[in-house]
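Inspection log for the structure reproduced underneath, given as structure tokens.
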Amino acid sequence: MSSQPPVSNFIRSIIDADLASGKHTGIVTRFPPEPNGYLHVGHAKSICLNFGLAADYQGKCNLRFDDTNPEKESEEYAQSIQDDVRWLGFEWNGPVRWASDYFDTLYDFAVELISKGLAYVDDLTPEQMREYRGTLTQAGKNSPSRDRSAAENLDLFARMKNGEFADGAMVLRAKIDMTSPNINMRDPVIYRIRRAHHIRTGDAWCIYPMYDYTHCISDALEGITHSICTLEFEDHRPLYDWVLDHITIPCHPRQYEFSRLELHYTITSKRKLLQLVNEKHVGGWDDPRMPTISGMRRRGYTPEGIREFARRIGVSKSENSVDMAILEGAIREDLEARAPRVMAVINPLKVSITNFDGASEREADFHPQHPEFGKRVVPFGHELFIEADDFAEVPPPGWKRLTLGGEVRLRHSYVMRCDEVVKDAAGKVIALRCSIDHATLGKNPEGRKVKGVIHFLSAAHALPAEFRLYDRLFTVAEPDADREVDFCNYLNAGSLTVVQGWVEAAVRDAVPETRYQFERLGYFCTDRRDHQAGKKLVFNRTVTLKDSWTRE
RNA sequence: UGGGGAGUCGCCAAGUGGUAAGGCAACGGGUUUUGAUCCCGUCAUUCGUAGGUUCGAUCCCUACCUCCUCAGCCA
């Protein structure tokens with residue numbers, strides 16, 4: 001896929017201005033996931049933004065895990081995230097960073113804040129703290145602990161760290177302003193006591209810093225120039241700045257927020273995706289119906305296609321709900337150029353060729369525009385499979401495919417006429433008896449035009465295969481729009497159809513994650529988990545071909 | 001009804017004082033041994049609404065409307 005020029009957006013404008021003014025001579029961004037779930041298409045947007053910016057401006061982009069909540073984080077998630085970022089085609093600057101690498105420094109800065117009288121230990125219960133916080137329209141009030149001396153706070157905080165208090169018994173709070181109209185500034189908690197095993201630091205700590213406190217300092221420690229996050233953090237920015245303004249640190253990154261991606265007919269909420277996995281609505285995080293990066297990968301989406309999708313949707317601050325068509329269009333465009341063509345029949349109808357004698361096979365290109373993809377032989381036989389959908393006894397208006405008495409071109413082979421329909425006792429069509437025009441191999445018939453082209457397989461040569469046909473996971477465009485209705489009510493019962501069919505022998509030895517276009521059916525990809533080259537062929541339908549017929 | 005944001009074509013999205021880019025989708029037409037691809041064409045006198053400033057406003061000002069977001073010892 002030819003990479004298109006970058007699209008202008010407000011963040012690029014800011015960077016351009018920062019570079020032009022000399023505020024920065026280069027940029028450093030970061031992608032900061034919490035290892036508490038698998039990455040999804042929304043993260044892909046963020047990854048493409050952060051890593052893409054670094055690449056475009058010859059800057060750097062760090063991968064940093066925001067691992068400050070040991071109760072939800074795991075090594076499995078951390079590993080999958082690294083795999084996903086790499087698979088998407090990006091490499092981070094230097095080693096993987098972990099917020100937990102900064103725990104000592106973070107602790108020291110907390111001590112500095114306490115010493116300056118800018119942080120205090122509070123022993124209000126969570127319920128009391130909520131009451132003291134006030135509401136959206138009412139100012140909060142000061143905690144009785146707010147005026148503790150720095151010396152006492154220093155002592156208490158050290159004892160918190162040393163494990164002298166129970167989990168949740170005390171917290172460290174920034175002393176800002178309980179009457180601030182911005183609730184984030186009403187003395188936010190910056191450290192809590194939690195005896196939980198941390199994936200990196202084990203049991204070394206029983207106090208853990210909060211996100212708001214950790215993130216800005218981590219950014220500053222890494223020399224991040226532009227700290228890009230999603231809109232819900234907009235009103236955390238004053239706190240981000242407050243922390244950096246009140247500790248002794250030479251760097252002050254600026255935070256910019258963009259709107260998160262919403263994709264029609266799916267969800268992009270880690271919590272809800274976890275629910276789908278836990279409640280077994282899908283096979284796992286990498287179920288091909290999932291909007292996770294690993295799910296999209298298993299389905300057959302390409303990194304290039306996903307990156308193109310990110311480019312097409314752009315970056316802004318307005319709410320957006322993107323059509324699936326944009327994602328599918330980007331994927332199709334990439335696959336169109338790179339996937340070899342081959343034939344498969346997923347809903348077979350048997351055809352006997354009554355005048356087979358003398359018929360022969362034919363070579364065919366793997367790609368109509370790329371002869372360099374090579375050729376293979378498309379065998380012919382006296383027994384064929386065609387797609388049941390390609391035959392109609394009573395064709396609708398405009399039908400170009402096979403019908404009784406009608407002719408059709410067999411792709412890469414002969415023109416064939418249907419002479420007889422074979423039905424079972426119930427009247428269901430079970431087979432066709434057809435004849436070919438021997439003069440039409442590699443040339444058009446004389447004196448008439450045959451419009452329709454259908455794909456087929458020689459029954460004697462075809463290989464059995466499993467096809468997993470995927471459809472949208474939900475029945476409505478915005479399954480989580482209604483707070484009153486659980487999104488699981490909108491799960492599409494037909495999102496997965498598994499069928500047994502046939503495929504050209506040319507794909508026999510395809511390794512897992514091999515992509516093909518099955519002509520007229522769509523793009524397919526051998527399954528990463530279940531496909532076995534030469535043994536068990538399992539194809540996932542990545543996306544159908546655009547179809548201007550069945551839509552009518 | 002406190003604070004912070006957003007409103008430009010069906011879906012995204014540039015433009016931000018000089019008279020509305022682009023993509024996707026859609027719709028016509030051409031090519032085609034994939035109803036695919038490809039090619040050509042059509043698709044906002046109008047930028048949430050109402051006023052105002054200006055020779056001129058999507059862009060500046062005022063008011064209003066709508067939507068999103070914040071009251072975790074989550075991130």
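Note on naming: letters A, B, ... go to the chains in the order of the sequence lines (proteins, then strands), and numbering restarts at 1 for each one. Heavy atoms only: backbone and side chains are in, while hydrogens, waters and symmetry mates are out.
Residue side chain A:Tyr211 fails the stacking definition with respect to B:A75, as its ring centre and the base's six-membered ring centre are not both under 5.5 angstrom apart and under 30 degrees in plane angle.
As rounded to the nearest Å, B:C43 and B:G48 have P atoms that lie 22 Å from one another. Only the P atoms considered, B:U46 is 15 Å distant from B:C59, to the nearest whole Å. With C1' as the reference atom, B:C24 and B:U62 are 38 Å apart, rounded to whole Å.
Side-chain to base pairing of A:Arg409 with B:U33: one donor and one acceptor N or O lie within less than 3.5 Å of each other. Not a single donor-acceptor pair, N or O on each side, falls under 3.5 Å between the base of B:U33 and the side chain of A:Arg411. In terms of polar N and O atoms assigned as donor or acceptor, the side chain of A:Arg194 comes within less than 3.5 Å of the base of B:C73 in a complementary pairing. Between the side chain of A:Arg311 and the base of B:G23, no donor-acceptor pair of N or O atoms lies under 3.5 Å.
In this structure, A:Lys400 reaches the bases: a heavy-atom distance under 4.0 Å links it to at least one base atom across the strands shown. Using a 4.0 Å heavy-atom distance criterion, A:Met343 is classed as making no nucleic acid contact. Looking at heavy-atom distances under 4.0 Å, A:Ser180 makes no contact with the nucleic acid at all. Within the 4.0 angstrom heavy-atom criterion, no nucleotide atom of any strand lies near A:Lys449. A:Arg186 comes within contact range of no nucleotide atom at all, as no heavy-atom separation falls under 4.0 Å. Within 4.0 Å of A:Asn9, counting heavy atoms only, lie sugar-phosphate atoms of the nucleic acid but no base atom. Within 4.0 Å (heavy atoms only), A:His236 reaches at least one base atom of the nucleic acid. A:Arg271 comes within 4.0 angstrom of no nucleic acid atom, judged by non-hydrogen atoms across all strands. Within 4.0 Å of A:Gln517, counting heavy atoms only, lies at least one base atom of the nucleic acid. Among the protein residues, A:Tyr191 comes within range of no part of the nucleic acid, since none of its heavy atoms lies under 4.0 Å from any strand. Among the heavy atoms of the strands lying under 4.0 Å from A:Arg483 are primed sugar atoms or P, OP1, OP2 only; no base atom is included. When heavy atoms are screened at a 4.0 angstrom cut-off, A:Gly442 is found touching base atoms of the nucleic acid. When heavy atoms are screened at a 4.0 angstrom cut-off, A:Arg401 is found touching base atoms of the nucleic acid. When heavy atoms are screened at a 4.0 angstrom cut-off, A:Thr135 is found touching base atoms of the nucleic acid.
B:U58 is unpaired under the Watson-Crick or G-U wobble criterion, no partner having all donor-acceptor distances under 3.5 Å. When both pairing distances are held under 3.5 Å, B:A63 makes a Watson-Crick or G-U pair with B:U49. Nucleotide B:C38 is matched to B:G30 when pairs are restricted to Watson-Crick or G-U wobble geometry with both distances under 3.5 angstrom.
Neither OP1 nor OP2 of B:G72 sits under 4.0 Å from any side-chain N or O of A:Arg192. Between B:A36 and A:Arg341, no contact under 4.0 Å exists linking OP1 or OP2 to a side-chain N or O. For B:A36, the OP1/OP2 oxygens have no side-chain nitrogen or oxygen of A:Arg332 closer than 4.0 Å. Put simply, A:Arg133 has a side-chain N or O that comes within less than 4.0 Å of OP1 or OP2 on B:C73. Remark: A:Thr68 is not in phosphate contact with B:C74, judged by side-chain N or O atoms under 4.0 Å from OP1 or OP2. Side-chain nitrogen and oxygen atoms of A:Ser8 include at least one within less than 4.0 Å of the OP1 or OP2 phosphate oxygen of B:G15. When the side-chain nitrogen and oxygen atoms of A:Lys270 are compared with OP1 and OP2 of B:A75, none of them lie within a distance under 4.0 Å.
Salt bridge present: A:Arg376 and A:Glu504 bring a charged side-chain N and a carboxylate O closer than 4.0 Å.
In this pair, A:Phe103 and A:Trp205 present their aromatic rings perpendicular. The plane angle is above 60°, beyond the 30 to 60° band. Aromatic ring pairs are classed by plane angle as parallel below 30°, tilted from 30° to 60° and perpendicular above 60°; the pair A:Phe157 and A:Tyr107 is parallel. Ring geometry for A:Phe487 versus A:Phe474: interplanar angle of 30 to 60°, hence tilted.
In A:Glu446, the CD atom is not crowded: 12 or fewer heavy atoms of neighbouring residues, nucleotides or ligands sit closer than 6.0 Å.
Relative to the side chain of A:Glu336, the nucleotides B:U69, B:U37, B:C11 differ in distance, and B:U37 lies closest. Here the side chain of A:Arg312 is nearest to one of B:G23, B:A14, B:A71, namely B:G23. Each of B:A13, B:C11, B:U37 was ranked by its minimum atom distance to the side chain of A:Asn320; first place goes to B:A13. Closest contact between the side chain of A:Ser316 and the listed nucleotides B:C70, B:A14, B:U34 involves B:A14. Checking B:G7, B:G72, B:C12 against every side-chain atom of A:Ile313, the shortest atom distance belongs to B:C12.
A distance-only check finds a donor-acceptor pair linking the side chain of A:Arg332 to the backbone of A:Thr544 [under 3.5 Å].
Taking 90° from 0 as the syn/anti boundary, the base of B:G48 is oriented anti.
Atom CZ of A:Phe309 and atom P of B:A13 are 11 Å apart (whole Å).
Among A:Arg148, A:Arg173, A:Arg159, the one residue that satisfies the salt bridge (Lys or Arg N to Asp or Glu O under 4.0 Å) test with A:Asp123 is A:Arg148.
Aromatic ring centroids of A:Phe524 and A:Tyr516 lie 6.0 Å or more apart.
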